[in-house]
Number of protein chains: 4
Amino acid sequence: MEFQVDASSRMPIYRQLRNQFRQAVARGKLLPDQRLPSVRDLSRTLVVNPNTIARVYTELEREGLLNTRPGLGVFVASPKTELTKKVRKERLVELLDHFLTEAVHLDFSADEVVSLVGERASQFAWQSPR
Amino acid sequence: MEFQVDASSRMPIYRQLRNQFRQAVARGKLLPDQRLPSVRDLSRTLVVNPNTIARVYTELEREGLLNTRPGLGVFVASPKTELTKKVRKERLVELLDHFLTEAVHLDFSADEVVSLVGERASQFAWQSPR
Amino acid sequence: MEFQVDASSRMPIYRQLRNQFRQAVARGKLLPDQRLPSVRDLSRTLVVNPNTIARVYTELEREGLLNTRPGLGVFVASPKTELTKKVRKERLVELLDHFLTEAVHLDFSADEVVSLVGERASQFAWQSPR
Amino acid sequence: MEFQVDASSRMPIYRQLRNQFRQAVARGKLLPDQRLPSVRDLSRTLVVNPNTIARVYTELEREGLLNTRPGLGVFVASPKTELTKKVRKERLVELLDHFLTEAVHLDFSADEVVSLVGERASQFAWQSPR
DNA sequence: GTGGTCTAGACCACC
DNA sequence: GTGGTCTAGACCACG
């Protein structure tokens, strides 16, 4: 798993890294119990302040995507959702409407979008039924 | 078309309004040449700083979504995309992958997502073929 | 609402403040939409680094207890719970068992504890039925 | 008595074990003069660093919950509280208020909480009157 | 070695 | 004015 930061982006570094991590997990490229680079290592690799990396890891832990164990390192967590169905649906619809809005402005047709969704969706690691 | 601001949101007011405008256009609730309220009127209605409204209009004009006709007011622009197919596709995919990433974390299945996309897409005003 | 920090405590400053805030809300001493002191003000008052105060506010916002609006200040949020019933019950039981464990070690009787719970509970601002 | 560590918890291992021990005593599952596994045995069983186990035992001994008898092993101590009534009451109230604060935020009602307290309290081994 | 906390001080975005 | 981000560097707790 290789992270990268774009210093010229308006998006804060910690958000860039957080998003990359979230996507890597959603695509199944990072699996539960897998160890991530240490705060100090990643900060050296990316030439970013250790505090910034620590912030990324802290936020992701709060979101339940990873566990950090002082003295051992940082590990990918097992997925779990504690939100109510209602809240989850609301958030999904909001995100979807935002996506569809941009799709319209980018001048795509409904058919093109639906088709693309099916295509890209196959690249993600959807939860198996429980 | 009624705008509204959510003071409890983490999203800056000017972005809330900009997004609402973009979505209203994409849903066909705002049509080309339709006149928008003046900066002063809207600022009074929403109880928002006039500078904030002015910023919204300025950004939307820069994005080509509306035109200011001095002395007449602010009007919705006709849709036009100057971007190449390649660039448009890249942006769409990036937005879609972001959406799918969140959908996975919200613990939805691919089927649920695809189905919801079709459902919500019918509420938008897609460009007719040209 | 007056906060205070005990520099000699092993509990980190940001946790001391966060707990004081959570308790003030639970007791109804801080009400929705009430404005809190600014980061800079509180940092001067408590002689604590502004970043530490900012961290307190950031975490409380993530927990949904307050809203921050750049340019305006920080405000108490309206209560809402997005967690599933199951998760909420699990957390409550865990906290309760911890409390009861300590009560036993402090050599109280069950009757004393039950009685004290009823007594203190009356000082909190329980949600009205919805 | 079987201990267990949750590697995904934010709580340090030594505190997890210490709390489990305190709770086991409070529930009457560990009785005075009962022998505990040796540091080396427990460290192997739990796959935890021996230093960590040693720390748990050291702290518990300092708290008066167990005694080390050199050459014989580690044993559960007889309960005794040397604190004054006033201090004990203060600590209990502080713990209780913390619990009630969280209960409010978890959106429970006072009745639900009082009822749950009575229910769970019956599972603990309260001191008989002396 | 690991991550967690705190300080100091800079610069930016928002209103 | 407000809060948000990032850096630099110190010190502590954990295993």
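Chain naming here is simple, since letters A, B, ... match the order of the sequence lines and numbering starts at 1 in each.
Heavy-atom distances to DNA chain E give each of C/Pro70 and C/Pro12 a nearest nucleotide, and the one nearer the 5′ end belongs to C/Pro12. Taking for each of A/Pro37 and B/Arg15 the nucleotide of DNA chain E with the nearest heavy atom, the 5'-most of the two is the partner of A/Pro37. Nearer to the 5' terminus of DNA chain F, by closest-nucleotide assignment, is the contact made by C/Val39 (compared with the other of C/Val39 and A/Met11). Across the interface with DNA chain F, nearest-nucleotide mapping of A/Pro50 and C/Glu61 shows C/Glu61 to be the residue nearer the 5′ end.
A/Val48 comes within contact range of the sugar-phosphate backbone alone, with a heavy-atom separation under 4.0 Å but no base atom that close. Within 4.0 Å of B/Tyr14, counting heavy atoms only, lie sugar-phosphate atoms of the nucleic acid but no base atom.
For C/Arg40 against F/dG3, a side-chain N or O and a base N or O form a donor-acceptor pair under 3.5 Å. Residue-to-nucleotide contacts include no donor-acceptor pair under 3.5 Å from the side chain of A/Asn51 to the base of E/dG3.
Going from atom CZ of A/Arg44 over to atom P of E/dT2 covers 7 Å, rounded to whole Å. As a whole-Å value, the separation of C/Leu42 CG from E/dT7 P is 12 Å. F/dG3 atom C1' lies 11 Å from atom CZ of C/Arg35, rounded to whole Å. One interatomic measurement links the two molecules: CD1 of C/Ile53 to P of E/dC6, which rounds to 10 Å at whole-angstrom precision. Whole-Å rounding puts the C/Asn49 CG to F/dG4 P distance at 15 Å. Whole-Å rounding puts the B/Ile13 CD1 to F/dT2 P distance at 17 Å. In this structure, A/Arg69 places its CZ atom 12 Å from P of E/dG3, rounding to the nearest Å. For the pair C/Leu46 CG and E/dT7 P, the interatomic distance rounds to 11 Å; values are reported in whole Å.
By the 4.0 Å N-to-carboxylate-O rule, A/Lys80 lies too far from B/Asp107 to be salt-bridged with it. Salt-bridge formation is detected for the pair C/Glu82/A/Arg91: a Lys NZ or Arg NE/NH1/NH2 atom is positioned less than 4.0 Å from an Asp or Glu carboxylate oxygen.
Enclosure of atom CD in B/Glu94 is not indicated, since only 12 or fewer non-hydrogen atoms of other residues, nucleotides or ligands lie within 6.0 angstrom.
Using the Watson-Crick or G-U wobble rule with both distances under 3.5 Å, E/dC14 pairs with F/dG1. Under the Watson-Crick or G-U wobble criterion, with both distances below 3.5 Å, E/dA8 is paired with F/dT7.
Between A/Thr68 and the phosphate of E/dG3, there is no side-chain N or O to OP1/OP2 separation shorter than 4.0 Å. Under 4.0 angstrom from either OP1 or OP2 of F/dT2 there lies at least one side-chain N or O belonging to C/Ser38. Here D/Arg55 reaches the OP1 or OP2 of F/dC14: one of its side-chain N or O atoms lies under 4.0 Å away.
Listed nucleotides F/dT7, F/dG15, E/dG4 differ in distance to A/Thr58; the shortest reach to its side chain belongs to E/dG4. Taking only side-chain atoms of D/Arg10, from C-beta outward, the nucleotide of E/dG4, F/dC6, E/dC15 with the closest atom is E/dG4.
B/Thr45 places a side-chain N or O within 3.5 Å of a backbone atom of B/Asp41 that can act as its donor or acceptor partner. The closest donor-acceptor contact from the side chain of B/Arg35 to the backbone of B/Leu72 lies under 3.5 Å.
Proximity of C/Arg55 to C/Thr52: side-chain heavy atoms (C-beta onward) are nowhere separated by under 4.5 Å.
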